[in-house]
Structures are given as C-alpha cells and as structure tokens.
Amino acid sequence: MAAVILKNITKAFGSVIAVNDVTLEIPDGKVTALLGPSGCGKTTMLLMLAGIYQPTKGEIYFDEVMVNGIPPKLRNVGLVFQSYALYPHMTVYDNIAFPLKLKKVPKDEIRARVQEIAKIVQIDDLLQRKPGQISGGQQQRVALCRALVKNPDLLLLDEPLSNLDARLRIETRAEIKRIQQELGITTILVTHDQVEAVTMADHVAVMRKGVIQQYSTPEDLLLKPANMFVASFIGDPPMNLLETEVTSHEGRPVFRCGAELHIPIPPQVAVSLEQRRAKEFILGIRPEHLEILDERQELAFRGTVSMVELLGRDKLVDFRFGDVAIRALVPAEVNIHEGEEKWVRPQPHRIHLFDKEERRAVRFAG
Amino acid sequence: MKRRGYGMVFLLLLPALLIILAFYVVPAVLTGTMSLTNMDHRLSWNFVGLQNYKQMLQDTILSRVFWNTIVYVFGTLLCFNVTFGLLLALATSYIAERQGERTSMFFRALWLLPRFTPPIVYGVIWLWILDPTRNGLLNGVLDFFGGKPVSWISKYPVQVIVLTNGVIGASFGMILFYSAITSISKEYNWAAAVDGAGWLQRIRYVTLPLIRWPLMFVTAYQTLSLLTSYEYILIITGGGPFYRTTVWSLYAYNEAFGGYYASYRFGYATALTLVLVVISMVASIIYWRVFRFREMMSEPKIEVI
Amino acid sequence: MRTMKRVAFLAVLAAAVMLLAFSFGVAAKETITIRAWTVGPDTPAFHRAENLVTAGERLNQMLEAVGADIRVEVDADFWTDDWDSFRRRVILASEEGDPNVVPDIFVSSHLDIPVWASSGWLEPLDELIAPYWESTYEDFFPHLWDSVTYNGKVWGVPQDIEVRMVFYRKDHLQALGWTEEEIADLARRVEEKEFLLSDLVALAREMRDAGLVDYPIVHRPTSGPDFFQFVVAFGGDYYDAEADKLVIDRAALEATLKFFADNANEGLTPDGMTTWPWPAVHRAIAIEGTAGMQITGGMWFWAEWQRDFGITEDELWENLTWTLIPAGNEQGRPNQLGHPLAYMVTAPSRHKELAALLITLASEVDLNTRHALEAAKLAIRRSQTAFPRFTESEYLAEAAKLVPHQIFSAAHAAFGRYTSALHEAVGGVETGALTPAQGVDLIIQRVTQAVGDDVIIR
Amino acid sequence: MAQLKTERAQLSRFSPERLRVEARKEKSKDRALTVFIYAFLIVASLPIILGYGWLLLNSFSETLAYGVLPKGWTIKNFRFLWELPSRYYPDLWRTTWNTLLLAVGMTVIMILIATPAAYVISRMKFPGRSMMLAMTLILHSFPGVTLLISLYYVLRSLNLLNSIVGVFLVKAGLMLPLGIWIMKGFFDNVSWDVEMSGLVDGASRLQTLYKIVLPQVKPGIAAMAIFSFINGWSEYIYVITFIQKKESWTLSSYVNSIIGDFQFIDYGLLSATALFYILPVLLFFIFTQKYLMTVTVGGTKG
C-alpha cells in the first residue's frame with residue numbers, strides 16, 4: 001500500500017500547460033477521485049502517476065520514495081484505461097496473465113492468481129474468450145483484473161465507468177468499491193462524472209485547467225464549495241447562482257437579485273455581512289436546499305411556478321422573477337403545478353456567497 | 001429494388017472492370033494465344049500448337065532458373081521486404097516516439113530514395129559499390145585495409161541480387177508497417193508499459209500481433225511483385241555469372257528482348273510468362289487461404305444498396 | 001580520275017534534282033519532310049543523324065539554284081538509349097506499317113538487315129542507288145557491300161565500319177624489356193602468325209609474374225559478336241553464306257571455350273569477368289593500367305575514353321598499342337570483326353527516291369569523314385583515305401591497317417541468339433559451371449531452340 | 001480472498017535504494033537501446049548514404065579519381081538545365097512536363113477507379129464480394145513487362161499509341177490492386193453509424209459515399225495518390241515502348257538515354273540528371289508523407 005504525495009507538479013506539453021503546480025496528498029488505502037471537465041489535466045496526472053509521463057516540474061512520492069524518473073514497470077501500479085486497452089489478440093486469460101508473464105512468474109502461480117482474481121471480479125467463466133467477444137461491462141472487469149493481478153501498490157482508474165450503460169454503471173461502481181475495500185488498495189480515480197466521484201471516492205480533488213480547485217471529502221464539496229467553479233460543477237441539478245446585492249427591502253435586509261426577487265437574509269448571516277465592505281456577491285443556493293411552502297413563513301419569499309419537471313423521485317420546480325430564474329428540487333410526491341403561487345424558503349445554513357471578482361467562497365458565520 | 005441495387009455495385013465497379021478487361025484480360029488472352037505461335041520479330045501469328053510448352057520441358061536451363069527464382073523471391077522477401085522492412089519501421093517509429101519526428105522522417109525518406117531513383121541510376125550506384133576493382137566502394141575499403149579486391153558479383157551473385165532488390169523492397173514494407181505501428185492506439189503501449197513490458201516485449205506481445213494484417217499482406221503482395229521483377233537484376237548482374245541470377249521473369253524477358261541482339265522469340269517468351277502467371281496465381285490463392293484474408297472482409301452493416 | 005567522278009556525281013545529282021523539282025513542281029512551294037531514325041547508342045556517333053540533316057540542307061541549296069519550288073526538311077532522330085529499345089521501336093512501328101509513324105530512313109546495324117528485310121519492312125536499294133553507283137557507291141570498299149546484301153539484294157548503304165582489336169599496355173611491355181621496335185613489330189608478328197594466342201597467354205603470365213598487373217587479360221563482360229573472332233582464330237566458321245545457315249563448328253568452339261576457361265582457371269582473366277561493369281574494364285586497360293590486355297577491344301573506344309575519363313589522346317598513344325586478334329592455331333587466322341552500320345530505306349516510305357538521294361548526299365566524303373573522326377570509325381570509301389582531314393588522324397590511319405583481315409557478323413536472323421549463346425558459354429566455362437565440351441552442347445541447344453535443325457553442325 | 005490479502009502483506013516492496021538502482025538499470029538499458037537503434041539505422045543505411053553521396057560528388061566534379069575523390073569542382077554537369085546535351089535530346093522542360101502529366105494523370109485515374117471499387121468491396125453487400133478482393137491479389141501476379149507485346153496490340157486497337165494517356169491507363173491498371181487494397185483499408189475504418197445516419201437523413205448510398213464517406217477517407221486518397229505519383233514519375237519501359245515520339249518522352253527515358261548501352265557513361269551528366277529527376281519526388285514525399293503514413297491494410301483497427 002502506498003500514500004501518494006504530489007509536490008508542486010507541473011506538466012507542460014510545449015507551451016501548453018496541462019497540469020499547473022499541483023500539490024496533493026493522497027491517503028493510503030483510500031479511494032481518491034480526480035474530478036473535472038475534459039481537458040482539465042486529470043488524465044495527465046494519472047499518466048504521471050503511472051510513470052508514462054514525466055512531470056516537467058515537481059516531485060511525486062510513493063510513501064517516502066520519490067518516483068520521478070522511475071519507469072512504469074518498477075512502480076507497481078495497476079492502470080485501467082477508459083477504453084480498457086485490452087489486447088485484442090489475446091484471450092481474457094492471457095490479458096490478465098500478461099503482467100505476471102512479463103515478471104516471469106511461474107506458470108502454475110500465474111494460473112492460480114489469474115483464476116483467483118477472476119473469481120473475485122466474477123469473470124472466471126470468460127477466460128477463454130477474446131475481448132471482442134464479450135460485453136463492455138465484462139471488458140471493464142477484465143481490465144480491472146489485469147490491473148489488480150499483480151498486486152499493485154496503487155490502482156489507477158481512468159474514467160472506468162464512462163463506457164457503460166446506466167444500470168451497469170451503478171453495478172460496477174459498487175463492485176469496484178467492494179473490491180477496493182476488500183483489498184484495501186490505494187486507488188486513484190479519474191472522472192468527469194461527479195456522481196461517480198462522489199459515490200466512489202473518499203476524497204475528491206476537483207480540477208480545472210490544470211489547477212486543483214478543491215480537495216476535500218465529497219460532503220464538503222457539496223456543502224462547502226471553495227469557489228464558484230466547484231459550486232457549479234458539483235451537484236445535480238446545478239446550484240442556483242444569482243448576482244446579488246445586499247440591501248434592504250421593506251425594512252429588512254435582503255439579497256436583491258434582479259428587479260423582482262428579494263430574498264430575505266437570515267439574521268445571523270446579515271450580522272456577519274454587515275462587517276463587510278462589499279455589498280455585491282454571487283449568491284448560491286442548491287435547488288435541494290429550497291423548501292416550497294404553501295404559506296408565508298419567516299425568511300420565505302413568494303414566487304410563481306413557471307415549470308415543473310418530474311425527475312424520478314424528485315420534482316424540479318422553476319420560478320421566474322423577471323429576468324431571474326431559480327430552481328428548487330422537491331420530493332416527487334409534493335403536489336405542485338405550473339402557475340401556482342408558492343412560498344420559497346432557503347435553508348439558512350445552506351446559503352453560499354461568492355466574491356464577485358475572484359469567485360471564491362465568502363466565509364461567514366452561517 | 002434489389003436489382004437496381006446490384007446495378008449500383010456494377011456501376012461503381014465498372015471503371016475498374018473496364019481497366020481490368022482492357023489491360024489484364026485481353027492481354028492475357030492475347031498472350032495465351034501468342035504462346036501457341038512461334039511469333040518472332042515479324043509479329044506474325046503462326047500457330048504451332050503446344051510446341052513452345054514442349055520446348056520448355058526440354059530446356060535444360062529452366063530448372064536452374066526455377067530454383068534461382070525460388071531462392072531469389074523468398075530470400076528477398078523474408079530477409080528484406082518483410083523482416084528488414086519491419087526492422088526499419090520499428091526503428092524509425094521508436095525514434096519518432098522518443099527523439100522526434102524529423103530524424104525518423106530523415107531515415108524513412110532515405111530508404112525511399114532508391115524507389116524514387118531511375119532503376120538504371122540505382123544500378124549504376126550499386127555497380128560502383130560492388131565494382132570488382134579498387135575503384136569500387138567495397139573494394140576501396142578492402143584495399144585501404146590491405147585486402148585484395150573481390151569480384152563481389154561473381155562470388156556472391158545470389159546475395160547481390162537479394163541485397164540490391166531488398167534495399168528497394170524494404171521501403172514498401174517500411175511504409176505499411178510504420179503507418180500500422182503508429183496507428184496502434186497509444187493506450188495499448190501505455191498498458192504494456194504499466195504491465196511491465198520493455199520495448200522488445202512490447203513489440204513481441206503487442207505491436208507484432210496488432211500489425212498482423214499488414215505483415216501478411218506485404219508478404220503476399222511482395223511475393224507476387226518479386227516473382228515478376230527482373231529490372232534490377234538485368235542491370236546489375238545481367239543474370240550472370242552463367243545463369244546464377246537468372247530468374248524466371250528475366251529469362252522470359254531475355255527470350256523476348258534481351259541479349260546482344262535480341263532473340264525476339266515472343267512465342268516462347270509468352271509461354272514462359274504464362275507459366276509464371278500460373279505459378280503466381282497458385283501462390284496468391286495459397287496465400288489467400290493460408291493467411292485467411294477473407295477474414296479481412298467485415299460484413300457490411302448496411303444492407304441497402 | 002577523281003575530278004571525272006566528281007563531275008559525274010554532280011551531273012547525276014542535277015538530273016535527280018530536276019526530276020524532283022518537276023515531279024512536285026505543280027504546287028507552290030512545297031516542303032517534303034523526310035524522317036530518319038538513327039541510333040548511337042554511343043553519343044559521339046551523332047553524325048549519323050547530323051549528316052542526313054546536312055545533306056538536306058545541301059539539297060535545298062541545289063533546289064534553290066535550279067529555281068525549284070520544293071524544299072526538303074530532314075527530321076532526323078538520334079537514339080542514345082540502348083539497342084534493345086531502338087529495335088523494339090523499329091519493330092513495333094514497322095509492324096504497324098503506318099507511313100506517318102514509320103520514318104523513311106533507318107540507320108541501324110547491318111545485322112538488322114536480314115531480319116527486317118525478310119519481314120518486308122525495307123526497300124531493296126539496288127535500283128534506287130543505281131543512278132549514283134558510278135559517282136558515289138563504286139568508291140565504297142567492296143567488301144562492305146557484302147555486309148548489307150541479303151538474299152542477293154542490297155538493302156542498305158554502309159554508313160560506317162570499325163575494327164576490333166587487342167589492346168596492349170605499352171608501358172607494361174616496356175617494363176618487361178620490350179624495345180620500341182619490338183613493340184612496333186608486334187602487329188606484324190600477329191598478322192603473320194608469328195604471335196599466336198598462346199603467346200598472348202604467355203605474355204599475360206609474364207606480366208602477372210612481374211607484378212605489373214592485377215588483371216593480365218580482360219575482355220568485354222557483356223554479350224557481343226567479338227567472341228566469334230576467337231572461333232575464326234581457332235580455324236572455325238560460324239556462317240555459311242551460300243546456304244544462309246549458321247555453322248556450329250564444334251572443334252573451334254571448344255578450342256575457343258577452352259582458351260577462356262584456361263585463362264580463368266589460371267587467374268589470368270579476373271574472377272567473374274562476365275559480371276564486370278563496362279566502365280571498370282575501360283578504366284583498368286586505358287586509365288589505370290591494372291590490366292595488361294583487352295582482347296575484345298574496339299577502335300571507337302578511343303573517342304569515348306577521352307570523353308568519359310578525361311584522358312588525352314597523347315596519353316593513350318603513350319600507353320596503348322594494338323594488334324589483330326592473333327591466330328589460335330595452325331588452321332586459324334588472325335582477324336578482326338567489323339560491324340558496319342547502314343542506311344536503309346523503309347518499305348512504307350512515300351519518298352523512296354528522295355530518301356536514296358539524301359543518303360547519297362550524306363555519304364559524301366566530307367560528311368562521312370566528320371563522322372569517322374568524331375566517333376573513331378574507319379573510312380568506308382577509298383577516296384576517304386586520301387581525304388586530308390582523314391589522313392591527318394594518325395589513329396584512324398593506323399587502325400585502318402587492320403581492315404584487310406576483317407570479318408563480319410553473320411547476316412542471319414538467329415545470329416543474335418548464337419552470339420548470346422556463345423557469350424553465355426564463355427561465362428559458363430569461366431566460372432567452372434561448364435566444361436568447354438558442355439559449353440558447346442549448350443550453344444547447340446540454344447541455337448537449335450530458335451532455328452530447329454536449320455543449322456550446320458560440324 | 002483472504003489468501004490474496006496475506007500475500008499482499010508479505011509482498012516485499014523495493015526499498016528506495018533498490019528502486020533507484022533498478023531505475024538506473026532501466027535507464028541505461030533504455031539508453032543502450034537507443035544507441036543500438038541509431039547504430040542499426042546508420043549502419044544499415046550506409047550503402048544508401050554513401051551511394052547517393054557518391055552520386056552527389058559525381059554531379060559536382062569534373063571526374064572522380066579512383067572512383068571517389070572529386071577532381072575539380074564544376075557545375076558544368078548541370079548544363080543540361082539550360083542547354084540540350086545534344087540536339088537529339090528533347091527539351092528538358094517539356095520532358096519534365098510530360099513526366100508530370102503522366103504522374104498526375106495516372107494518379108487521377110487511380111483515384112477515379114480504385115476508390116469506387118474499394119468502396120464497393122469494403123462496404124457493399126453483394127455476392128462475390130470477397131472474391132473480388134481475392135481477384136485483385138491475383139491480378140497483381142500478372143507480370144506487366146512480359147505482356148508488353150499484348151499491351152501494344154491493345155493500345156493500338158484503342159488508338160492510344162504514342163500518347164501519354166495510353167501509358168497512364170496501363171500504369172493505372174497495373175497499380176489497381178494496390179490501390180484497391182489501400183483504399184479498402186481506409187473504407188473499413190469509416191464508422192458505420194456515420195454512414196447510417198447519412199442514409200437516415202435521406203441521402204442515397206451514392207450521396208452518402210460522396211458527401212459523408214469520401215471526406216473521411218481523404219488521407220487514404222492522399223496515400224494512394226502518393227504511391228501512384230511516385231510510380232508514374234519513374235515509369236520507363238512503357239514510355240519508351242509505346243511512345244515513338246521523343247517529344248512525348250518522360251524523364252526516365254531521358255536519363256536512360258544518357259547511359260545508352262552501358263558501355264560508356266558520362267557519370268557527371270548522369271548524376272546531375274538523376275538528381276534533377278529525384279528531387280521533385282523527394283520533396284513531394286516529404287510534404288505528403290504524413291498521409292502515406294496513415295495507410296492501413298487489412299481488417300478494422302484494433
């Protein structure tokens with residue numbers, strides 16, 4: 001097992017900087033996700049960890065050992081590619097056995113280990129097939145076997161679920177998690193899918209344009225986004241983000257968003273905002289943190305439902321205030337229709353404010 | 001609907017079929033007919049039945065020529081067109097991957113030079129390299145180290161024609177293999193690196209199996225190319241010394257046009273050619289079967305035409 | 001006598017020109033194009049075409065002098081690609097027979113005459129050149145006409161002739177202690193059969209033993225009629241003109257092959273002689289002197305050595321001397337083989353008389369001499385030998401002395417094959433692949449493949 | 001499972017020192033491989049480098065002493081660029097133009113013929129599909145040159161003698177098998193979904209071929225064009241046999257006629273013309289080789 005430490009890692013391809021001064025500590029035996037939109041440098045990070053790319057600057061440590069310049073074959077990592085990269089001319093068995101064969105492990109042992117790992121991953125009945133003859137989910141498992149069979153210190157997964165259909169994705173997600181936990185192997189997962197990151201990882205590093213935006217637990221990503229990018233990237237449906245001004249309306253402190261929307265500011269927030277000079281912010285509220293009420297209550301504001309969308313267990317409700325729209329997520333059984341007038345109340349502790357210029361989260365006693 | 005559909009197939013194939021008809025089928029039929037005549041420089045069609053084929057059976061040189069052909073074709077094919085072409089492709093792709101595309105291209109362009117050169121000039125270059133006197137490159141080097149000049153062509157005639165043809169032939173394989181190697185998805189190479197494979201192991205277990213079609217295609221295609229090639233042999237060794245390097249197609253060429261004052265025995269020459277065509281056809285059918293080229297045909301997923 | 005001939009020539013010419021002028025005179029200012037295909041392939045022979053062009057210019061001057069309205073334009077092509085492609089071009093064009101494609105005149109080897117004449121592609125010239133016989137053609141060396149006669153008819157006008165010879169390195173002879181007189185006397189000794197091929201071999205041995213040369217004897221690597229010189233030197237023959245059949249003389253062929261085999265076995269002829277490139281042979285004998293003798297030399301080499309290797313004529317004189325091919329034995333005779341080229345008039349030509357007239361004009365002494373000088377060829381006309389520019393060339397004058405012993409290639413359609421077969425056999429015995437006797441069998445097989453039993457085997 | 005876990009625990013990892021030693025070993029192995037590969041390429045290329053170097057020396061020197069050492073630098077060997085070697089040579093620029101015409105003509109014909117044929121073989125369902133592919137292989141076994149006389153008759157009856165068109169048609173015919181194989185490889189790799197969506201959008205198969213599939217196989221067309229251009233540029237025997245007029249000569253005939261019967265060679269002139277001949281194709285290759293390097297023969301990738 002290994003903890004991985006990245007110190008000021010930069011990777012440039014010519015003039016293009018793919019990874020910019022990343023420092024990260026990845027704990028031993030846990031799953032860590034690198035999350036970000038495509039082109040954010042997360043796969044480059046992965047390939048640097050595998051030893052395929054060498055960082056332009058900075059140092060990578062596996063435990064205390066600096067591995068810069070150490071070739072992939074000595075790093076003892078397992079890597080599962082997005083495309084799985086199963087050798088099409090080899091049978092499943094040969095694919096899995098390949099790393100062991102290269103290590104000159106005796107044949108009997110290879111057989112034993114391949115069969116064992118195949119059983120864990122539940123593909124022991126496919127061993128004699130060729131990759132072209134099995135389904136995408138099965139290929140994914142084979143790729144996982146190939147990565148695991150050599151008992152790697154570090155398991156690297158590049159978008160492991162992206163080629164699978166929705167149902168298989170959920171299944172495999174759980175499967176990988178199970179295997180990881182059983183083997184206790186340090187795992188780094190690269191994904192653009194926040195659900196994947198949030199459900200599988202113990203820690204998530206959100207990346208954008210080669211820079212780490214936030215590195216925290218999944219909960220903190222949702223509840224304490226470090227900046228607007230994270231706030232908007234994480235969460236589905238996305239957070240409501242509204243340009244706002246702190247002012248007073250009808251004698252009470254409000255966030256004024258556009259001409260028609262005035263959101264009352266909870267008293268404890270108002271106190272901490274008073275000490276600030278800036279009056280203009282970006283206000284962020286997650287749809288699931290908006291309550292819809294039939295009657296007026298404290299801190300609620302009134303709006304007309306402009307659209308209702310059923311999303312399985314939930315309902316997405318849109319309110320429109322002139323040129324400003326706001327969305328709320330409520331349980332599906334809530335009875336609500338277009339055109340109805342409702343009261344909306346944000347949960348006071350779930351209000352986020354971001355600096356208008358720097359887009360960083362404004363901390364206040366919430 | 002269906003009939004109209006095949007009409008489309010036919011229409012698209014038509015230009016190719018016309019060319020094949022005009023420049024393969026008709027000449028082949030003409031050649032077949034010609035082989036039943038004793039046509040000479042007068043180009044008159046005097047039919048003599050199977051006389052030319054009978055003569056072939058009595059031709060004591062022909063068995064020597066046959067074995068020369070086998071040695072030449074498979075020697076050149078295996079040493080150069082396939083193996084050496086592959087080595088060049090691997091080496092240049094290695095350089096392209098590590099050192100940069102330019103150096104790699106320099107070597108590839110270098111190896112294509114012979115193909116761009118008029119055969120006669122290419123021949124002149126080799127004749128200088130292999131010159132039997134001290135003025136040649138090899139003997140000049142030998143001389144420098146105090147050796148005696150060697151008459152390379154007469155000492156190593158077979159090696160010479162294999163080498164000189166191989167240097168040209170290698171570039172065909174080089175191009176096809178190089179492009180096949182570079183089109184292998186990077187992820188396979190990365191996967192192999194992570195799995196612990198060195199460069200050689202990667203070639204052995206990943207690269208070679210993935211370029212198996214180009215390998216087989218070059219083998220088959222170049223066998224046939226070599227069977228019908230004679231130009232460079234004619235220029236460099238002239239088929240000698242004493243038929244040591246006379247291959248079948250050169251022999252046929254000589255019967256038609258070669259020698260100090262050509263024989264113009266078109267009847268006999270075409271009979272020889274026809275035998276060569278039959279040999280090549282058999283070879284191509286064998287390759288087709290053994291290499292299972294039919295598997296290269298993936299079923300069309302669109303059935304409408 | 002000479003002036004008389006000159007006058008006669010002009011008279012005939014005038015008559016021809018007048019005839020030409022009147023026969024086409026109807027139309028206003030007409031230009032007749034005469035096309036000619038000539039071949040080198042060696043570049044210095046370009047006067048084969050150039051002379052026809054000049055003849056055309058001269059004819060036009062005459063036509064202008066008589067006030068005729070017609071002019072001749074000569075479109076002469078000179079081929080410097082190889083013989084093979086030139087012949088293929090002639091054959092394919094002639095087979096088609098389209099007068100727009102086939103030219104009016106060919107200049108090619110006399111060897112082509114039997115082949116092309118028997119195919120009906122050429123026009124017999126007996127009548128066409130008859131008007132100019134006394135003025136021009138009587139002046140030609142008579143034996144040249146034999147080389148262009150086939151089936152009793154004349155098919156070509158000899159264009160040039162050369163001799164083949166054995167070249168010796170003078171400097172090596174001197175190193176062996178030969179005096180200038182002895183060297184000068186060598187040609188006579190060969191001619192009078194005092195110096196035989198066996199002596200030549202002994203001389204080669206001496207040169208080698210004295211460490212003078214790497215390659216005592218070299219010969220042409222490629223196929224050529226030169227090898228028949230040795231058959232004649234060993235008392236054999238290769239053609240029976242009366243019967244128009246090739247002759248295979250077993251004894252002489254075997255002796256010839258044995259000569260080459262022994263030389264190769266003894267290392268006098270370098271290993272793999274038949275695989276040498278030509279330039280290496282030239283450099284060895286003419287430039288570097290690493291060879292002692294070139295036994296299949298040709299007089300036209302003289303011009304090319306100077307052009308291609310940057311050597312001067314003086315240097316050549318200093319280093320080289322030559323003789324006939326020495327006799328091989330008592331029955332044989334010293335000889336040298338000539339290979340005349342000839343003008344031919346094609347059968348499809350629309351202007352055969354005009355073509356003959358142009359050929360006659362191109363055969364004028366001054367024109368032919370400039371060709372001889374440029375390409376190092378011999379005189380074809382008696383009066384040429386007295387022509388000042390010709391006599392000024394010491395080389396041509398000296399080489400001309402070999403002419404009386406000239407033999408020709410056989411005017412037979414299968415002679416080319418015979419030539420190749422002999423060359424193959426030489427290659428075979430030199431590499432030890434064949435014994436001389438097997439070599440003869442091979443020749444018989446190759447020749448009979450082409451002509452069946454239509455061959456005389458002695 | 002338990003077993004695997006204990007095994008993992010027992011697995012001794014490299015100590016940092018050991019790892020560094022191993023890494024250094026790998027690195028030196030890697031460097032040795034690079035050196036070896038360079039050495040291989042250079043040694044193997046020596047005949048070519050030296051041979052063409054010799055050609056270059058020849059073209060710029062009066063004469064070569066001992067066949068190698070240049071004596072007297074000169075550009076007179078290149079005089080053929082502004083004057084004819086003799087008046088019996090056709091004009092150089094016209095000859096170059098003819099060569100270009102032949103090469104381009106052949107390329108165009110190849111594209112027009114091989115592309116639709118390869119498309120049909122690769123992507124249309126009809127009986128005898130794989131037989132067609134097998135046939136192209138068999139066609140390649142016809143020795144072009146010994147069919148010379150028969151081809152002469154064919155061209156004559158088509159009235160194509162003495163024309164560049166006749167020559168490039170014959171050449172295109174001989175190149176056809178290779179062209180079909182190359183193009184088939186490219187067509188094989190075009191996604192079926194793309195073509196299907198074209199059909200669904202209302203285009204006919206022919207329209208999808210033209211508008212959707214062809215743009216995707218452009219590199220293939222380029223690669224085939226390069227192959228055939230090079231092939232056409234160097235054609236000799238058909239030109240010299242089927243074209244009687246020197247005005248229609250191409251550069252290879254020009255070069256050949258400098259050598260003649262091989263007895264005497266003006267090495268300087270020969271080398272200079274050869275370089276002149278090689279240069280355009282070489283440049284052409286350098287600028288287009290990225291397409292040539294995309295050729296795939298055989299089944300679908302992967």
Side-chain angles (χ1 to χ4, degrees), chain B residues 6 9 12-13 15-16 19 22-24 26-27 30-31 91 94 105 107 109-110 112-113 116-118 120-121 125 128-129 135 137 140 175-176 178-180 182-183 199 213-214 217 220-221 224 228 249 252-253 266 269 273 276-277 280-281 284 288 294 296-298 300-305, chain D residues 33 37 40-41 45 47-48 50-52 54-55 66-68 112-113 116-117 119-120 123-126 129-130 134 137-143 146-147 149-151 153-154 170 173 176 192 195-196 205 234 252 255-256 259 274 277-278 281-282 285-286 292-300:
Chain B
Y6 289 140
V9 169
L12 289 172
L13 282 175
I19 288 282
F23 301 122
Y24 287 102
V26 174
L30 281 177
T31 304
Y94 176 88
M105 194 180 81
F107 281 108
L110 195 70
L112 276 160
L113 264 184
F116 300 159
T117 311
I120 193 104
V121 176
I125 290 173
W128 167 68
I129 293 174
N135 295 313
L137 173 65
I175 291 180
L176 260 58
Y178 180 89
S179 67
T182 47
S183 71
W199 189 66
W213 285 123
F217 173 72
Y221 193 82
L224 303 177
T228 60
S249 53
Y253 174 84
F266 296 130
T273 304
L276 190 61
V277 169
S280 312
M281 275 172 141
S284 54
W288 183 267
R294 187 186 291 269
M296 269 196 263
M297 306 288 297
S298 47
K301 291 191 182 145
I302 297 178
E303 304 207 337
V304 204
I305 297 184
Chain D
L33 182 67
I37 282 174
F40 161 76
L41 272 179
S45 308
I48 300 183
L50 294 175
Y52 284 82
W54 175 75
L55 205 66
Y66 308 107
V68 251
L112 289 181
I113 296 172
Y119 175 78
V120 168
R123 299 177 81 85
M124 281 192 157
K125 202 171 184 151
F126 67 99
R129 218 171 117 253
S130 59
L137 197 62
I138 290 173
L139 287 184
H140 182 55
S141 65
F142 278 69
T146 26
L147 297 179
I149 299 294
S150 314
L151 284 170
Y153 279 111
V154 172
V170 172
L176 192 61
W192 282 103
E195 198 175 354
M196 281 181 200
R205 196 82 198 263
S234 58
S252 53
V255 173
N256 268 263
I259 293 184
Y277 173 103
I278 296 170
V281 236
L282 193 62
F285 166 75
I286 288 171
L292 201 55
M293 297 306 164
T294 55
V295 175
T296 45
V297 170
T300 38

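Side chains are part of it too, since the values below use all heavy atoms of this structure and drop only hydrogens, waters and symmetry mates. Numbered from 1 within each chain, the chains take letters A, B, ... in sequence-line order.
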### Message
Can you tell me which of B/I125, B/V277, B/V26 forms the most heavy-atom pairs within a distance under 4.5 Å of chain D?
### Response
B/I125

### Task
Count the heavy-atom pairs under 4.5 Å between each of D/S252, D/P47, D/S45 and chain B, then report the option with the highest count.
D/S45

#### Entry: Point-to-point distance, once rounded to the nearest 0.5 Å, from CG of B/L112 to CD1 of D/I278
12.0 Å

### Message
On a heavy-atom basis, which atom in B/S284 and which in D/I138 lie closest, and how many Å separate them?
### Response
OG-CG1, 3.3 Å

### Heavy-atom proximity to chain D below 4.5 Å, by part of B/L176
both

### Query
Between B/T182 and chain D, which part of the residue has a heavy atom less than 4.5 Å away: side chain, backbone, both or neither?
side chain

### Task
For the residue pair B/T228 and D/F142, establish whether any side-chain heavy-atom pair is separated by less than 4.5 Å.
no

### Task
Determine the option with the most heavy-atom pairs under 4.5 angstrom with chain D, choosing from B/A91, B/A22, B/A180, B/A220.
B/A91

### Query
Can you list the steps and then say if B/W199 with D/I37 is a side chain to side chain contact (heavy atoms under 4.5 Å, CB included)?
CA-CA 12 Å; B/W199 189 66; D/I37 282 174; 3.5 Å; yes

### Query
Atom OH of B/Y94 and atom CZ of D/F40: how far apart are they, to the nearest 0.5 Å?
14.0 Å

### Query
In terms of heavy-atom proximity below 4.5 Å to chain D, should B/Y221 be classed as side chain, backbone, both, or neither?
both

### Message
Minimum heavy-atom separation for D/L151 and B/P27, please, with both atom names.
### Response
CD2-CG, 3.7 Å

### Task
Tell me, for B/L12 versus chain D, whether the close heavy atoms (under 4.5 Å) come from the side chain, the backbone, both or neither.
both

### Task
Start with the C-alpha gap between B/L113 and D/Y52, add the side-chain angles, then the distance that decides, and say whether side chain to side chain contact (heavy atoms under 4.5 Å, CB included) holds.
CA-CA 9 Å; B/L113 264 184; D/Y52 284 82; 3.9 Å; yes

### Option that, when pairs with chain B are counted at under 4.5 Å, heavy atom only, ranks first among D/R123, D/M196, D/H140
D/H140

### Message
Would you compute the distance between atom CG of D/L282 and atom CG of B/L110 and round it to the nearest 0.5 angstrom?
### Response
9.5 Å

### Task
Answer with side chain, backbone, both or neither: which region of D/V281 has an atom nearer than 4.5 Å to a non-hydrogen atom of chain B?
both

### Closest contact, heavy atoms only, D/S141 versus B/S280
CB-CB, 2.9 Å

### Query
Where is the tightest heavy-atom contact between B/Y24 and D/L139, given as atom of each residue plus distance?
CE2-O, 3.3 Å

### Query
What closest approach, in Å, do D/L50 and B/W128 show between heavy atoms, and which atom pair accounts for it?
O-CZ3, 3.9 Å

### Message
Does any backbone or side-chain atom of B/F116 lie under 4.5 Å from a heavy atom of chain D? Answer side chain, backbone, both or neither.
### Response
both

### Task
For B/L13 and D/F126, run side chain to side chain contact (heavy atoms under 4.5 Å, CB included): C-alpha distance rounded to whole Å, both residues' side-chain angles, the deciding distance at 0.1 Å, then the answer.
CA-CA 12 Å; B/L13 282 175; D/F126 67 99; 4.2 Å; yes

### Message
Is the shortest side-chain heavy-atom distance between D/L137 and B/L224 below 4.5 Å?
### Response
yes

